Amino acid sequence: MTNESTTIPTLELNDGRTIPQLGFGVFKVDPAETERIVTDALEAGYRHIDTAAIYGNEEGVGRALAASGIARDELFVTTKLWNDRRGAADTRAALGESLEKLGLSHVDLYLIHWPTPQTVSPVETWETLATLRDEGLTTSIGVSNFDERYLPAILETGVIPAINQIELHPQFQQRAATALAAEHAIAIEAWGPLGQGKVDYAATVIGEIAERIGASWAQVTIAWHLASGRIVFPKSNRRERMDENLAAAGVQLSAADVAAIDALDQGAAGRVASDPAEVN
Ligand code: NAD
């Protein structure tokens with residue numbers, strides 16, 4: 001399977017910027033292997049890379065980006081502020097450290113990684129992200145894991161995030177968080193888009209659709225996210241799966257197939273990873 005002909009769709013964000021809707025995530029990618037794996041992803045055709053300070057692999061991402069020779073304006077790079085960095089001075093320092101590791105003068109998107117509700121309020125930190133954006137150190141700003149319990153405090157500042165990156169996959173569709181985001185034209189990035197490999201989606205209607213249309217269950221799941229207007233960056237260390245996942249951009253689902261996958265939602269019972277209330 002080659003991706004030479006795969007066109008990656010883009011979305012326009014509420015700040016007027018453009019983001020590739022399908023990218024590559026590097027959570028749990030070993031720092032020692034990151035340069036090789038991100039190089040493979042760039043060769044496969046990915047141009048949007050999602051990392052975070054806590055992943056410990058920003059240097060490897062940066063080396064792969066530099067070695068690729070791909071023009072900076074063709075790349076979309078996201079990183080995230082970890083939970084032990086808060087407040088104006090520390091947030092500014094943390095972004096500086098990430099940029100240094102990535103070897104970049106700016107990122108395309110900077111996110112507050114978790115709301116950490118049991119520690120300090122995120123308001124000063126959020127307002128600092130807006131300042132860093134105005135200074136050009138990040139093009140867009142957003143939040144991660146700010147579901148309907150935590151997004152209102154951000155909205156009250158009057159600075160509207162471009163993005164909310166939340167756990168979202170067929171059995172955990174976060175309807176309240178996505179409805180609140182939609183009211184403010186905040187784009188949703190679905191992390192764990194394939195259920196982090198913890199759910200047997202091939203055994204559901206997704207497997208039936210996949211067999212009928214000649215795609216894999218992962219491709220059908222990615223195509224469902226794209227058809228639903230979300231941004232995704234599935235992770236794989238394996239080049240053949242990178243190719244497979246990227247080719248999902250060419251998989252068309254009928255409205256009935258999208259509705260059948262929508263029906264897999266189990267609400268809060270479908271969560272497979274951490275509840276933001278418990279991450280501090
Ligand atoms: P994911 O849903 O992308 O699952 C990744 C796993 O799915 C892989 O390890 C592999 O086992 C499997 N997989 C990948 N492609 C496959 C294929 N074609 N066929 C079969 N299995 C396949 O989970 P993820 O990595 O946790 O999420 C994607 C990205 O989201 C991360 O890499 C990271 O960038 C981001 N993320 C963000 C947060 C956050 O708190 N903001 C948390 C977790 C992940």
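This one's a predicted model, so the numbers in the text were calculated from it and none came from an experiment. Note: hydrogens, waters and symmetry copies are ignored here, and every other heavy atom, side chains too, is used. Start at 1 and go down the list; that is how both ligands and their atoms are numbered.
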Inset, instruction - Would you kindly specify which portion of V26 sits under 4.0 Å from ligand 1, judged on non-hydrogen atoms: side chain, backbone, both or neither? - result: backbone
Inset, instruction - Would you check whether L194 has a nitrogen or oxygen atom less than 3.5 angstrom from a nitrogen or oxygen atom of ligand 1? - result: yes
Legend entry - Within-4.5 Å side-chain heavy-atom neighbours: W114 and F146: no
Legend entry - Contact check: F27 vs ligand 1, nitrogen or oxygen atoms, below 3.5 angstrom: yes
Inset, instruction - Decide whether an N or O pair under 3.5 Å exists between S236 and ligand 1. - result: no
Inset, instruction - Say whether G192, considering both its backbone and side-chain N or O atoms, lies within less than 3.5 Å of an N or O atom on ligand 1. - result: yes
Inset, instruction - Take atom CD of E33 as the centre, draw a 6.0 Å sphere, and report whether it contains more than 12 heavy atoms from other residues, nucleotides or ligands. - result: yes
Legend entry - ligand 1 N/O within reach of Q196 N/O, cut-off under 3.5 Å: yes
Inset, instruction - Give yes if a backbone or side-chain nitrogen or oxygen of Q165 is under 3.5 Å from a nitrogen or oxygen of ligand 1, and no if not. - result: yes
Inset, instruction - Determine whether any heavy atom of W114 lies closer than 4.0 Å to an atom of ligand 1. - result: yes
Inset, instruction - Examine the proximity of ligand 1 to T51 and report which part, side chain or backbone, both or neither, has a heavy atom under 4.0 Å away. - result: neither
Legend entry - Exceeds 12 heavy-atom contacts within 6.0 angstrom, atom CZ of R17: no
Inset, instruction - Decide if atom CD of E135 counts as having more than 12 heavy atoms of other residues, nucleotides or ligands within a radius under 6.0 Å. - result: yes
